[in-house]
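The model shown is predicted, which means the values in this text are computed figures rather than measured ones. Any value given below was found using the heavy atoms of this structure, including those in side chains, with hydrogens, waters and symmetry copies removed. Chain naming here is simple, since letters A, B, ... match the order of the sequence lines and numbering starts at 1 in each.
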There are 2 protein chains.
Amino acid sequence: MAEVRSDNASRHKTRANIVECAAQLLREQGTSAVTTRAVAQAAGMQAPTIYRFFEDKDALLDAVAEHVFATYVAGKTLVEDSGDPIADLRAGWDTHIGFGLANAALFGLLTDPSRGARSPAAAAGLEVLRARVHRIAAIGRLRVPERRAIELIHAAGTGAVITLLSTPPEHRDLDLADAMYETVMRSILTDVPTLPSDSATAAAVAFRAVTPKLTMLTDAERALLSEWLDRASDGLSRPGLRPRSDAVQD
Amino acid sequence: MAEVRSDNASRHKTRANIVECAAQLLREQGTSAVTTRAVAQAAGMQAPTIYRFFEDKDALLDAVAEHVFATYVAGKTLVEDSGDPIADLRAGWDTHIGFGLANAALFGLLTDPSRGARSPAAAAGLEVLRARVHRIAAIGRLRVPERRAIELIHAAGTGAVITLLSTPPEHRDLDLADAMYETVMRSILTDVPTLPSDSATAAAVAFRAVTPKLTMLTDAERALLSEWLDRASDGLSRPGLRPRSDAVQD
DNA sequence: CCATGTTGCTAACGCTGATAGCATCTTCAT
DNA sequence: ATGAAGATGCTATCAGCGTTAGCAACATGG
(Lines give C-alpha, C1' and ligand atoms only; values in the text may rest on other atoms or scores of the structure.)
Protein backbone atom coordinates (compact mmCIF):
# COMPACT_ATOMS: atom_id res chain seq x y z
CA MET A 1 0.00 0.00 0.00
CA ALA A 2 1.07 3.54 -0.69
CA GLU A 3 1.22 4.69 2.92
CA VAL A 4 1.73 8.35 2.34
CA ARG A 5 3.16 9.44 5.65
CA SER A 6 0.98 12.28 6.69
CA ASP A 7 3.47 13.87 9.08
CA ASN A 8 4.26 15.71 5.92
CA ALA A 9 5.08 18.94 7.79
CA SER A 10 2.85 20.82 5.34
CA ARG A 11 -0.16 19.04 6.74
CA HIS A 12 0.68 20.10 10.26
CA LYS A 13 1.35 23.61 9.14
CA THR A 14 -2.00 24.14 7.44
CA ARG A 15 -3.72 22.45 10.34
CA ALA A 16 -2.02 24.81 12.76
CA ASN A 17 -2.97 27.70 10.53
CA ILE A 18 -6.63 26.72 10.71
CA VAL A 19 -6.43 26.51 14.49
CA GLU A 20 -4.78 29.90 14.76
CA CYS A 21 -7.32 31.56 12.49
CA ALA A 22 -10.13 30.06 14.51
CA ALA A 23 -8.47 31.19 17.73
CA GLN A 24 -8.09 34.73 16.46
CA LEU A 25 -11.70 34.82 15.32
CA LEU A 26 -12.81 33.51 18.69
CA ARG A 27 -10.73 36.01 20.61
CA GLU A 28 -11.57 39.07 18.55
CA GLN A 29 -15.17 38.49 17.55
CA GLY A 30 -16.56 35.97 19.99
CA THR A 31 -18.03 32.52 19.81
CA SER A 32 -20.67 33.21 17.19
CA ALA A 33 -18.07 34.46 14.72
CA VAL A 34 -16.34 31.08 14.63
CA THR A 35 -18.19 29.45 11.73
CA THR A 36 -16.65 26.91 9.46
CA ARG A 37 -16.98 29.29 6.56
CA ALA A 38 -15.40 32.22 8.39
CA VAL A 39 -12.51 30.13 9.63
CA ALA A 40 -12.00 28.69 6.18
CA GLN A 41 -11.94 32.11 4.57
CA ALA A 42 -9.46 33.40 7.14
CA ALA A 43 -7.26 30.41 6.49
CA GLY A 44 -7.59 30.82 2.72
CA MET A 45 -9.63 27.78 1.85
CA GLN A 46 -13.16 26.55 1.41
CA ALA A 47 -15.28 25.46 4.34
CA PRO A 48 -15.40 21.71 3.62
CA THR A 49 -11.62 21.56 3.55
CA ILE A 50 -11.61 21.98 7.31
CA TYR A 51 -13.16 18.55 7.57
CA ARG A 52 -10.04 17.06 6.04
CA PHE A 53 -8.24 18.04 9.25
CA PHE A 54 -10.93 17.87 11.92
CA GLU A 55 -13.70 15.41 12.33
CA ASP A 56 -16.06 17.94 13.82
CA LYS A 57 -16.40 21.57 14.56
CA ASP A 58 -16.17 20.33 18.12
CA ALA A 59 -12.81 18.76 17.43
CA LEU A 60 -11.63 22.03 15.93
CA LEU A 61 -12.71 23.91 19.03
CA ASP A 62 -10.93 21.40 21.21
CA ALA A 63 -7.77 21.98 19.23
CA VAL A 64 -8.24 25.74 19.57
CA ALA A 65 -8.60 25.42 23.32
CA GLU A 66 -5.50 23.32 23.57
CA HIS A 67 -3.49 25.66 21.39
CA VAL A 68 -4.54 28.85 23.11
CA PHE A 69 -3.97 27.39 26.54
CA ALA A 70 -0.55 26.06 25.60
CA THR A 71 0.39 29.43 24.11
CA TYR A 72 -0.75 31.19 27.24
CA VAL A 73 1.19 29.09 29.71
CA ALA A 74 4.21 29.25 27.42
CA GLY A 75 4.06 33.03 27.61
CA LYS A 76 4.11 32.87 31.39
CA THR A 77 7.48 32.29 32.94
CA LEU A 78 6.96 28.69 33.78
CA VAL A 79 7.94 28.50 37.41
CA GLU A 80 6.64 24.97 37.70
CA ASP A 81 7.58 23.10 40.79
CA SER A 82 9.67 25.51 42.75
CA GLY A 83 10.55 24.33 46.21
CA ASP A 84 7.30 25.64 47.69
CA PRO A 85 4.15 23.73 46.69
CA ILE A 86 1.94 26.42 48.15
CA ALA A 87 3.62 29.11 46.08
CA ASP A 88 3.14 26.87 43.06
CA LEU A 89 -0.56 26.55 43.77
CA ARG A 90 -0.84 30.29 44.10
CA ALA A 91 0.95 30.80 40.80
CA GLY A 92 -1.36 28.31 39.15
CA TRP A 93 -4.37 30.17 40.52
CA ASP A 94 -3.15 33.45 39.10
CA THR A 95 -2.49 31.81 35.76
CA HIS A 96 -5.94 30.31 35.70
CA ILE A 97 -7.64 33.59 36.55
CA GLY A 98 -5.54 35.53 34.10
CA PHE A 99 -6.25 33.06 31.35
CA GLY A 100 -9.98 33.21 31.97
CA LEU A 101 -10.07 36.98 31.89
CA ALA A 102 -7.86 37.22 28.81
CA ASN A 103 -9.81 34.59 26.85
CA ALA A 104 -13.39 35.13 27.85
CA ALA A 105 -15.04 33.36 24.94
CA LEU A 106 -12.82 30.33 25.15
CA PHE A 107 -13.26 30.15 28.89
CA GLY A 108 -16.98 30.12 28.33
CA LEU A 109 -16.63 27.10 26.07
CA LEU A 110 -14.40 25.22 28.49
CA THR A 111 -16.73 26.03 31.37
CA ASP A 112 -19.87 24.80 29.68
CA PRO A 113 -20.66 21.56 31.49
CA SER A 114 -21.92 19.80 28.38
CA ARG A 115 -18.85 20.58 26.30
CA GLY A 116 -16.11 21.26 28.82
CA ALA A 117 -16.41 17.97 30.65
CA ARG A 118 -14.88 16.04 27.78
CA SER A 119 -12.54 18.72 26.52
CA PRO A 120 -8.94 17.53 26.68
CA ALA A 121 -7.68 21.03 27.47
CA ALA A 122 -9.94 21.34 30.47
CA ALA A 123 -8.98 17.89 31.64
CA ALA A 124 -5.31 18.76 31.34
CA GLY A 125 -5.80 21.89 33.42
CA LEU A 126 -7.57 19.89 36.08
CA GLU A 127 -4.72 17.42 36.10
CA VAL A 128 -2.26 20.18 36.84
CA LEU A 129 -4.39 21.33 39.74
CA ARG A 130 -4.63 17.78 41.01
CA ALA A 131 -0.86 17.38 41.00
CA ARG A 132 -0.28 20.63 42.84
CA VAL A 133 -2.81 19.84 45.52
CA HIS A 134 -1.26 16.43 45.87
CA ARG A 135 2.14 17.93 46.62
CA ILE A 136 0.61 20.10 49.31
CA ALA A 137 -1.08 17.09 50.83
CA ALA A 138 2.24 15.26 50.85
CA ILE A 139 3.91 17.92 52.98
CA GLY A 140 1.08 17.74 55.49
CA ARG A 141 -0.43 21.16 54.93
CA LEU A 142 -3.86 20.01 53.78
CA ARG A 143 -6.60 19.66 56.31
CA VAL A 144 -9.32 18.40 54.02
CA PRO A 145 -9.25 15.42 51.68
CA GLU A 146 -7.43 16.05 48.44
CA ARG A 147 -10.52 15.66 46.35
CA ARG A 148 -12.41 18.17 48.41
CA ALA A 149 -9.56 20.65 48.14
CA ILE A 150 -9.38 20.20 44.39
CA GLU A 151 -13.07 20.70 43.94
CA LEU A 152 -13.19 23.76 46.15
CA ILE A 153 -10.31 25.41 44.34
CA HIS A 154 -11.70 24.54 40.94
CA ALA A 155 -15.19 25.74 41.76
CA ALA A 156 -13.93 28.93 43.37
CA GLY A 157 -11.70 29.69 40.41
CA THR A 158 -14.29 29.20 37.71
CA GLY A 159 -16.88 31.03 39.79
CA ALA A 160 -14.59 33.98 40.31
CA VAL A 161 -13.75 34.23 36.62
CA ILE A 162 -17.37 33.95 35.56
CA THR A 163 -18.44 36.57 38.06
CA LEU A 164 -15.73 38.91 36.85
CA LEU A 165 -16.60 38.29 33.21
CA SER A 166 -20.28 38.95 33.93
CA THR A 167 -19.37 42.40 35.22
CA PRO A 168 -18.66 45.12 32.68
CA PRO A 169 -14.88 45.64 32.69
CA GLU A 170 -15.04 49.13 34.11
CA HIS A 171 -16.92 47.95 37.21
CA ARG A 172 -14.87 44.89 37.94
CA ASP A 173 -13.57 44.33 41.42
CA LEU A 174 -10.19 43.00 40.51
CA ASP A 175 -9.41 41.98 44.08
CA LEU A 176 -12.22 39.46 44.02
CA ALA A 177 -9.97 36.69 42.79
CA ASP A 178 -7.44 37.33 45.54
CA ALA A 179 -10.13 37.44 48.18
CA MET A 180 -11.56 34.19 46.89
CA TYR A 181 -8.18 32.56 46.94
CA GLU A 182 -7.55 33.52 50.53
CA THR A 183 -11.03 32.41 51.48
CA VAL A 184 -10.49 28.95 50.07
CA MET A 185 -6.98 28.63 51.45
CA ARG A 186 -8.15 29.44 54.95
CA SER A 187 -10.48 26.46 54.76
CA ILE A 188 -8.08 24.09 53.09
CA LEU A 189 -4.62 24.68 54.50
CA THR A 190 -3.20 24.28 57.95
CA ASP A 191 -1.22 27.05 59.58
CA VAL A 192 -2.95 29.90 57.78
CA PRO A 193 -3.07 32.85 60.15
CA THR A 194 -6.57 33.16 61.48
CA LEU A 195 -8.49 36.33 60.88
CA PRO A 196 -8.19 38.94 63.60
CA SER A 197 -11.15 39.62 65.77
CA ASP A 198 -13.06 42.01 63.69
CA SER A 199 -15.44 44.11 65.66
CA ALA A 200 -14.12 47.31 64.15
CA THR A 201 -14.73 46.18 60.59
CA ALA A 202 -18.11 44.77 61.44
CA ALA A 203 -19.11 48.04 63.02
CA ALA A 204 -17.94 49.99 60.00
CA VAL A 205 -19.79 47.69 57.63
CA ALA A 206 -22.92 47.74 59.73
CA PHE A 207 -22.92 51.49 59.95
CA ARG A 208 -22.28 51.72 56.23
CA ALA A 209 -25.39 49.61 55.70
CA VAL A 210 -27.63 52.14 57.40
CA THR A 211 -25.96 55.22 55.97
CA PRO A 212 -28.63 55.74 53.29
CA LYS A 213 -31.17 56.21 56.07
CA LEU A 214 -29.32 59.06 57.75
CA THR A 215 -31.70 61.72 56.56
CA MET A 216 -30.32 64.29 58.95
CA LEU A 217 -27.30 64.58 56.67
CA THR A 218 -27.22 66.31 53.34
CA ASP A 219 -26.74 64.26 50.22
CA ALA A 220 -23.19 65.47 49.90
CA GLU A 221 -22.42 64.67 53.51
CA ARG A 222 -23.89 61.24 53.14
CA ALA A 223 -21.86 60.58 50.02
CA LEU A 224 -18.66 61.61 51.76
CA LEU A 225 -19.45 59.51 54.83
CA SER A 226 -20.23 56.54 52.63
CA GLU A 227 -16.95 56.81 50.88
CA TRP A 228 -15.05 57.02 54.16
CA LEU A 229 -16.84 53.98 55.49
CA ASP A 230 -16.20 52.07 52.29
CA ARG A 231 -12.53 52.76 52.59
CA ALA A 232 -12.54 51.92 56.28
CA SER A 233 -14.33 48.61 55.96
CA ASP A 234 -12.33 47.65 52.91
CA GLY A 235 -9.03 48.51 54.55
CA LEU A 236 -9.80 46.90 57.87
CA SER A 237 -10.92 43.68 56.23
CA ARG A 238 -7.55 43.28 54.56
CA PRO A 239 -5.10 43.53 57.44
CA GLY A 240 -1.54 44.44 56.62
CA LEU A 241 -2.35 46.34 53.47
CA ARG A 242 -1.66 50.03 53.19
CA PRO A 243 -4.34 52.15 51.56
CA ARG A 244 -3.64 52.41 47.88
CA SER A 245 -2.62 55.87 46.78
CA ASP A 246 -4.39 55.43 43.47
CA ALA A 247 -7.92 54.91 44.67
CA VAL A 248 -9.15 54.50 41.12
CA GLN A 249 -11.68 51.89 42.07
CA ASP A 250 -14.79 53.61 40.85
CA MET B 1 -58.97 54.01 17.03
CA ALA B 2 -59.83 50.40 17.49
CA GLU B 3 -57.61 49.81 20.52
CA VAL B 4 -57.97 46.10 20.75
CA ARG B 5 -57.13 45.54 24.38
CA SER B 6 -54.49 42.88 24.24
CA ASP B 7 -54.78 41.83 27.87
CA ASN B 8 -57.26 39.56 26.23
CA ALA B 9 -56.49 36.70 28.59
CA SER B 10 -56.23 34.43 25.57
CA ARG B 11 -53.10 36.23 24.50
CA HIS B 12 -51.47 35.71 27.85
CA LYS B 13 -52.55 32.13 27.88
CA THR B 14 -51.04 31.20 24.55
CA ARG B 15 -47.94 33.14 25.43
CA ALA B 16 -47.62 31.23 28.68
CA ASN B 17 -48.16 28.02 26.78
CA ILE B 18 -45.28 28.81 24.45
CA VAL B 19 -43.04 29.52 27.42
CA GLU B 20 -43.99 26.29 29.14
CA CYS B 21 -43.42 24.22 26.03
CA ALA B 22 -40.02 25.82 25.57
CA ALA B 23 -39.19 25.21 29.23
CA GLN B 24 -40.16 21.56 28.99
CA LEU B 25 -38.10 21.13 25.85
CA LEU B 26 -35.15 22.80 27.51
CA ARG B 27 -35.42 20.71 30.64
CA GLU B 28 -35.97 17.36 28.96
CA GLN B 29 -33.84 17.60 25.84
CA GLY B 30 -31.33 20.35 26.46
CA THR B 31 -30.47 23.67 24.90
CA SER B 32 -30.06 22.47 21.34
CA ALA B 33 -33.59 21.05 21.29
CA VAL B 34 -35.13 24.47 21.83
CA THR B 35 -35.64 25.58 18.24
CA THR B 36 -38.38 27.88 17.14
CA ARG B 37 -39.90 25.08 15.08
CA ALA B 38 -39.81 22.53 17.87
CA VAL B 39 -41.32 24.96 20.36
CA ALA B 40 -43.99 25.96 17.87
CA GLN B 41 -44.93 22.35 17.17
CA ALA B 42 -45.13 21.56 20.87
CA ALA B 43 -47.35 24.57 21.34
CA GLY B 44 -49.51 23.65 18.36
CA MET B 45 -48.64 26.44 15.95
CA GLN B 46 -46.24 27.37 13.18
CA ALA B 47 -42.78 28.70 13.92
CA PRO B 48 -43.28 32.31 12.78
CA THR B 49 -46.24 32.69 15.11
CA ILE B 50 -43.82 32.75 18.03
CA TYR B 51 -42.56 36.08 16.77
CA ARG B 52 -46.00 37.57 17.38
CA PHE B 53 -45.32 37.10 21.09
CA PHE B 54 -41.56 37.47 21.41
CA GLU B 55 -39.27 39.81 19.60
CA ASP B 56 -36.39 37.38 19.60
CA LYS B 57 -35.52 33.86 20.45
CA ASP B 58 -33.47 35.58 23.12
CA ALA B 59 -36.58 37.22 24.52
CA LEU B 60 -38.30 33.85 24.58
CA LEU B 61 -35.41 32.35 26.52
CA ASP B 62 -35.51 35.24 28.96
CA ALA B 63 -39.17 34.55 29.53
CA VAL B 64 -38.44 30.87 30.02
CA ALA B 65 -35.78 31.65 32.60
CA GLU B 66 -38.11 33.94 34.47
CA HIS B 67 -40.94 31.41 34.41
CA VAL B 68 -38.89 28.43 35.49
CA PHE B 69 -37.21 30.35 38.27
CA ALA B 70 -40.50 31.73 39.53
CA THR B 71 -42.03 28.27 39.46
CA TYR B 72 -39.08 26.86 41.35
CA VAL B 73 -39.10 29.37 44.18
CA ALA B 74 -42.88 29.07 44.38
CA GLY B 75 -42.49 25.34 44.92
CA LYS B 76 -40.15 25.95 47.83
CA THR B 77 -41.81 26.87 51.08
CA LEU B 78 -41.05 30.52 50.90
CA VAL B 79 -39.46 31.21 54.25
CA GLU B 80 -38.46 34.69 53.21
CA ASP B 81 -37.30 36.99 55.92
CA SER B 82 -37.57 34.92 59.05
CA GLY B 83 -36.11 36.54 62.11
CA ASP B 84 -32.62 35.30 61.34
CA PRO B 85 -30.90 36.94 58.35
CA ILE B 86 -28.15 34.35 58.39
CA ALA B 87 -30.63 31.50 58.23
CA ASP B 88 -32.27 33.31 55.32
CA LEU B 89 -28.99 33.55 53.48
CA ARG B 90 -28.38 29.87 54.05
CA ALA B 91 -31.85 29.03 52.73
CA GLY B 92 -31.22 31.20 49.68
CA TRP B 93 -27.94 29.38 49.05
CA ASP B 94 -29.63 26.01 49.17
CA THR B 95 -32.33 27.24 46.83
CA HIS B 96 -29.76 28.55 44.40
CA ILE B 97 -27.76 25.33 44.39
CA GLY B 98 -30.85 23.19 44.10
CA PHE B 99 -32.16 25.26 41.24
CA GLY B 100 -28.90 25.00 39.37
CA LEU B 101 -28.69 21.25 39.73
CA ALA B 102 -32.34 20.73 38.83
CA ASN B 103 -32.20 22.97 35.76
CA ALA B 104 -28.78 22.39 34.30
CA ALA B 105 -29.44 23.68 30.81
CA LEU B 106 -31.15 26.83 32.00
CA PHE B 107 -28.43 27.46 34.53
CA GLY B 108 -25.93 27.25 31.74
CA LEU B 109 -27.77 29.95 29.85
CA LEU B 110 -28.03 32.23 32.87
CA THR B 111 -24.38 31.70 33.69
CA ASP B 112 -23.06 32.56 30.25
CA PRO B 113 -21.48 35.97 30.72
CA SER B 114 -22.55 37.24 27.31
CA ARG B 115 -26.22 36.33 27.78
CA GLY B 116 -26.69 36.14 31.51
CA ALA B 117 -25.46 39.62 32.28
CA ARG B 118 -28.54 41.22 30.82
CA SER B 119 -31.02 38.52 31.71
CA PRO B 120 -33.76 39.88 33.93
CA ALA B 121 -34.07 36.59 35.81
CA ALA B 122 -30.39 36.55 36.72
CA ALA B 123 -30.56 40.18 37.76
CA ALA B 124 -33.55 39.44 39.97
CA GLY B 125 -31.71 36.60 41.66
CA LEU B 126 -28.74 38.83 42.33
CA GLU B 127 -31.05 41.42 43.81
CA VAL B 128 -32.36 38.89 46.31
CA LEU B 129 -28.83 38.03 47.32
CA ARG B 130 -28.01 41.70 47.67
CA ALA B 131 -30.94 42.26 50.00
CA ARG B 132 -30.07 39.29 52.19
CA VAL B 133 -26.45 40.31 52.55
CA HIS B 134 -27.59 43.80 53.35
CA ARG B 135 -29.67 42.56 56.26
CA ILE B 136 -26.69 40.69 57.63
CA ALA B 137 -24.57 43.79 57.33
CA ALA B 138 -27.19 45.73 59.23
CA ILE B 139 -26.98 43.44 62.25
CA GLY B 140 -23.22 43.82 62.35
CA ARG B 141 -22.25 40.30 61.40
CA LEU B 142 -20.38 41.17 58.19
CA ARG B 143 -16.68 41.70 58.35
CA VAL B 144 -16.09 42.53 54.72
CA PRO B 145 -17.78 45.20 52.60
CA GLU B 146 -21.22 44.24 51.36
CA ARG B 147 -20.16 44.22 47.76
CA ARG B 148 -17.28 41.92 48.46
CA ALA B 149 -19.54 39.55 50.37
CA ILE B 150 -22.09 39.52 47.56
CA GLU B 151 -19.48 38.80 44.93
CA LEU B 152 -17.85 36.04 46.95
CA ILE B 153 -21.15 34.30 47.59
CA HIS B 154 -22.27 34.66 44.02
CA ALA B 155 -19.00 33.41 42.57
CA ALA B 156 -18.81 30.53 45.02
CA GLY B 157 -22.38 29.49 44.27
CA THR B 158 -22.10 29.52 40.51
CA GLY B 159 -18.70 27.86 40.68
CA ALA B 160 -20.00 25.10 42.91
CA VAL B 161 -22.96 24.41 40.65
CA ILE B 162 -20.86 24.38 37.50
CA THR B 163 -18.34 22.07 39.08
CA LEU B 164 -21.09 19.71 40.17
CA LEU B 165 -22.74 19.81 36.76
CA SER B 166 -19.42 19.08 35.07
CA THR B 167 -19.14 15.89 37.07
CA PRO B 168 -21.17 12.89 35.93
CA PRO B 169 -24.06 12.55 38.39
CA GLU B 170 -22.87 9.27 39.86
CA HIS B 171 -19.50 10.77 40.84
CA ARG B 172 -20.79 14.00 42.31
CA ASP B 173 -19.62 15.04 45.72
CA LEU B 174 -22.86 16.39 47.00
CA ASP B 175 -21.25 17.90 50.08
CA LEU B 176 -19.23 20.27 47.92
CA ALA B 177 -21.88 22.95 48.06
CA ASP B 178 -22.06 22.79 51.84
CA ALA B 179 -18.29 22.89 52.18
CA MET B 180 -18.15 25.88 49.87
CA TYR B 181 -20.82 27.66 51.85
CA GLU B 182 -18.98 27.19 55.11
CA THR B 183 -15.75 28.26 53.48
CA VAL B 184 -17.22 31.52 52.31
CA MET B 185 -19.07 32.18 55.54
CA ARG B 186 -15.91 31.78 57.58
CA SER B 187 -14.37 34.59 55.57
CA ILE B 188 -17.38 36.82 55.51
CA LEU B 189 -19.12 36.59 58.86
CA THR B 190 -18.06 37.49 62.32
CA ASP B 191 -18.44 35.06 65.20
CA VAL B 192 -18.10 31.91 63.10
CA PRO B 193 -16.34 29.31 65.22
CA THR B 194 -12.77 29.05 64.04
CA LEU B 195 -11.52 25.75 62.78
CA PRO B 196 -9.87 23.55 65.36
CA SER B 197 -6.20 22.96 65.20
CA ASP B 198 -5.97 20.24 62.69
CA SER B 199 -2.78 18.27 62.93
CA ALA B 200 -4.64 14.98 63.07
CA THR B 201 -6.50 15.62 59.83
CA ALA B 202 -3.41 16.93 58.12
CA ALA B 203 -1.53 13.83 59.13
CA ALA B 204 -4.27 11.59 57.83
CA VAL B 205 -4.45 13.48 54.53
CA ALA B 206 -0.68 13.51 54.14
CA PHE B 207 -0.44 9.81 54.80
CA ARG B 208 -3.29 9.20 52.39
CA ALA B 209 -1.30 11.05 49.75
CA VAL B 210 1.60 8.61 49.95
CA THR B 211 -0.51 5.49 50.31
CA PRO B 212 -0.12 4.51 46.63
CA LYS B 213 3.62 4.24 47.19
CA LEU B 214 3.34 1.72 50.01
CA THR B 215 4.49 -1.20 47.91
CA MET B 216 5.03 -3.40 50.92
CA LEU B 217 1.28 -3.77 51.17
CA THR B 218 -0.83 -5.89 48.90
CA ASP B 219 -3.27 -4.19 46.55
CA ALA B 220 -6.15 -5.25 48.73
CA GLU B 221 -4.48 -3.98 51.86
CA ARG B 222 -3.70 -0.69 50.20
CA ALA B 223 -7.27 -0.32 49.04
CA LEU B 224 -8.60 -0.95 52.53
CA LEU B 225 -6.10 1.44 54.10
CA SER B 226 -6.99 4.10 51.55
CA GLU B 227 -10.63 3.79 52.34
CA TRP B 228 -10.00 4.09 56.08
CA LEU B 229 -7.87 7.15 55.55
CA ASP B 230 -10.47 8.70 53.29
CA ARG B 231 -13.08 8.24 55.94
CA ALA B 232 -10.77 9.50 58.66
CA SER B 233 -9.70 12.66 56.87
CA ASP B 234 -13.19 13.37 55.70
CA GLY B 235 -14.67 12.87 59.15
CA LEU B 236 -12.01 14.83 60.99
CA SER B 237 -12.30 17.77 58.63
CA ARG B 238 -15.97 18.16 59.46
CA PRO B 239 -16.00 18.41 63.23
CA GLY B 240 -19.20 17.62 65.04
CA LEU B 241 -20.56 15.26 62.44
CA ARG B 242 -21.11 11.62 63.24
CA PRO B 243 -20.21 9.14 60.54
CA ARG B 244 -23.24 8.60 58.40
CA SER B 245 -24.72 5.17 58.62
CA ASP B 246 -26.15 5.31 55.12
CA ALA B 247 -23.78 6.78 52.61
CA VAL B 248 -26.71 8.03 50.60
CA GLN B 249 -27.67 11.53 51.31
CA ASP B 250 -30.66 13.00 49.61
C1' DC C 1 4.31 4.64 -14.66
C1' DC C 2 0.52 3.46 -12.63
C1' DA C 3 -2.13 2.70 -8.30
C1' DT C 4 -3.22 4.69 -4.12
C1' DG C 5 -3.99 8.01 -0.95
C1' DT C 6 -4.16 13.21 0.05
C1' DT C 7 -5.85 17.75 -0.69
C1' DG C 8 -9.11 20.94 -2.09
C1' DC C 9 -13.01 22.30 -4.68
C1' DT C 10 -18.11 22.77 -6.12
C1' DA C 11 -22.67 21.50 -5.21
C1' DA C 12 -25.88 20.30 -2.29
C1' DC C 13 -28.71 18.73 1.97
C1' DG C 14 -31.21 19.57 6.11
C1' DC C 15 -31.40 22.43 9.66
C1' DT C 16 -31.54 27.05 12.03
C1' DG C 17 -33.47 31.98 13.23
C1' DA C 18 -35.99 35.33 11.08
C1' DT C 19 -38.99 38.26 7.61
C1' DA C 20 -42.71 39.34 4.09
C1' DG C 21 -47.11 39.22 2.81
C1' DC C 22 -51.52 37.57 2.78
C1' DA C 23 -55.66 35.83 4.66
C1' DT C 24 -58.81 35.54 8.74
C1' DC C 25 -60.84 36.84 13.00
C1' DT C 26 -61.98 40.42 16.88
C1' DT C 27 -63.25 44.50 18.33
C1' DC C 28 -65.13 48.90 18.55
C1' DA C 29 -67.01 53.46 16.65
C1' DT C 30 -70.35 54.87 13.95
C1' DA D 1 -75.38 46.42 11.52
C1' DT D 2 -71.23 47.62 9.30
C1' DG D 3 -66.83 48.85 8.09
C1' DA D 4 -62.07 50.25 9.49
C1' DA D 5 -58.23 48.74 12.21
C1' DG D 6 -55.68 45.94 14.65
C1' DA D 7 -54.49 41.11 16.22
C1' DT D 8 -53.46 36.53 14.97
C1' DG D 9 -51.70 32.83 12.27
C1' DC D 10 -50.48 30.87 8.07
C1' DT D 11 -47.39 29.87 3.76
C1' DA D 12 -43.40 30.93 1.36
C1' DT D 13 -39.05 32.33 1.61
C1' DC D 14 -34.40 34.13 2.93
C1' DA D 15 -29.60 33.87 4.44
C1' DG D 16 -26.76 31.39 7.25
C1' DC D 17 -25.19 27.26 9.68
C1' DG D 18 -22.66 22.37 10.06
C1' DT D 19 -21.88 18.73 7.24
C1' DT D 20 -21.61 15.23 3.23
C1' DA D 21 -20.99 13.59 -1.66
C1' DG D 22 -18.44 13.43 -5.48
C1' DC D 23 -15.07 14.92 -8.50
C1' DA D 24 -10.51 16.86 -10.04
C1' DA D 25 -5.71 17.66 -9.18
C1' DC D 26 -1.67 16.31 -6.98
C1' DA D 27 1.84 13.59 -4.51
C1' DT D 28 4.22 9.36 -3.83
C1' DG D 29 5.91 4.55 -3.26
C1' DG D 30 6.13 -0.23 -5.71
Side-chain angles (χ1 to χ4, degrees), chain A residues 1-23 25-26 29-65 105 108-109 112 114-115 118-119, chain B residues 1-23 25-26 29-65 105 108-109 112 114-115 118-119:
Chain A
M1 48 160 108
E3 262 310 300
V4 175
R5 277 277 40 117
S6 46
D7 35 12
N8 203 323
S10 108
R11 176 167 178 85
H12 283 81
K13 216 153 61 174
T14 62
R15 192 192 133 108
N17 184 238
I18 294 175
V19 170
E20 271 164 33
C21 289
L25 233 39
L26 182 63
Q29 308 197 64
T31 311
S32 64
V34 185
T35 74
T36 56
R37 286 166 174 84
V39 171
Q41 184 177 12
M45 59 184 63
Q46 294 298 103
T49 303
I50 291 180
Y51 292 84
R52 299 285 179 191
F53 299 87
F54 302 93
E55 188 196 351
D56 252 343
K57 197 194 172 189
D58 253 42
L60 168 60
L61 289 179
D62 283 348
V64 169
L109 289 184
D112 182 28
S114 56
R115 165 188 308 282
R118 58 191 163 216
S119 155
Chain B
M1 48 155 112
E3 260 312 297
V4 174
R5 276 281 37 119
S6 43
D7 34 13
N8 204 324
S10 111
R11 175 166 180 87
H12 283 82
K13 215 153 60 176
T14 62
R15 192 192 132 107
N17 184 239
I18 295 175
V19 170
E20 270 163 33
C21 289
L25 234 39
L26 183 63
Q29 309 197 69
T31 312
S32 64
V34 185
T35 73
T36 55
R37 286 166 175 84
V39 172
Q41 183 178 10
M45 59 185 65
Q46 294 298 103
T49 304
I50 290 180
Y51 292 86
R52 299 283 179 193
F53 298 85
F54 302 93
E55 189 195 352
D56 253 345
K57 197 195 172 188
D58 254 42
L60 169 59
L61 290 179
D62 283 347
V64 169
L109 289 184
D112 181 29
S114 56
R115 165 188 308 280
R118 58 190 164 216
S119 156

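- OP1 and OP2 of C/dT7 both lie 4.0 Å or more from every side-chain N or O belonging to A/Thr49.
- Ranking D/dT20, C/dG17, C/dC9 by closeness to the A/Met45 side chain, first place goes to C/dC9.
- The distance between atom CG of B/Leu60 and atom P of C/dG17, rounded to the nearest whole Å, is 10 Å.
- The heavy-atom pair separating A/Arg115 from A/Asp58 by the smallest distance is NH1-OD1, 3.0 Å.
- Side chain of A/Arg52, nearest nucleotide from C/dG17, C/dG8, C/dC22: C/dG8.
- Distance B/Phe54 CZ to C/dG17 P: 14 Å, rounded to the nearest Å.
- Residue B/Thr36 has a polar side-chain atom (N or O) positioned under 4.0 Å from OP1 or OP2 of C/dG17.
- Counting any heavy atom pair closer than 4.0 Å across all strands shown, A/Phe53 reaches sugar-phosphate atoms only and no base atom.
- Atom CD of A/Gln46 and atom C1' of D/dA21 are 16 Å apart (whole Å).
- What separates CD1 of B/Ile50 from C1' of D/dT8 is a distance of 14 Å, to the nearest Å.
- Residue contacts for A/Thr35: at a heavy-atom cut-off of 4.0 Å it reaches the sugar-phosphate backbone alone, with no base atom in range.
- Rounding to whole angstrom units, CZ of residue A/Arg15 and P of C/dG8 are separated by 14 Å.
- Nearest heavy atoms, A/Ala40 versus A/Gln46: CB-C, 3.5 Å.
- Judged by closest nucleotide on DNA chain D, B/Thr14 is the one of B/Thr14 and B/Arg37 placed further toward the 5' end.
- Using a 4.0 Å heavy-atom criterion, one finds that B/Val34 contacts the sugar-phosphate atoms exclusively.
- Between the OH atom of A/Tyr51 and the P atom of C/dT10 there is a distance of 17 Å, rounded to whole Å.
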When you look at A/Phe53 and A/Val19, which way does the side-chain contact (heavy atoms from CB on, under 4.5 Å) test go after all the steps? CA-CA 10 Å; A/Phe53 299 87; A/Val19 170; over 6 Å; no

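- With rounding to whole Å, B/Asn17 atom CG is found 11 Å from D/dG9 atom P.
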Walk me through whether B/Thr36 and B/Tyr51 qualify under side-chain contact (heavy atoms from CB on, under 4.5 Å). CA-CA 9 Å; B/Thr36 55; B/Tyr51 292 86; 3.5 Å; yes

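- Rounding to whole angstrom units, CG of residue B/Asp58 and C1' of C/dT16 are separated by 14 Å.
- Closest approach of B/Val39 and B/Cys21 over heavy atoms only: O-CB, 4.3 Å.
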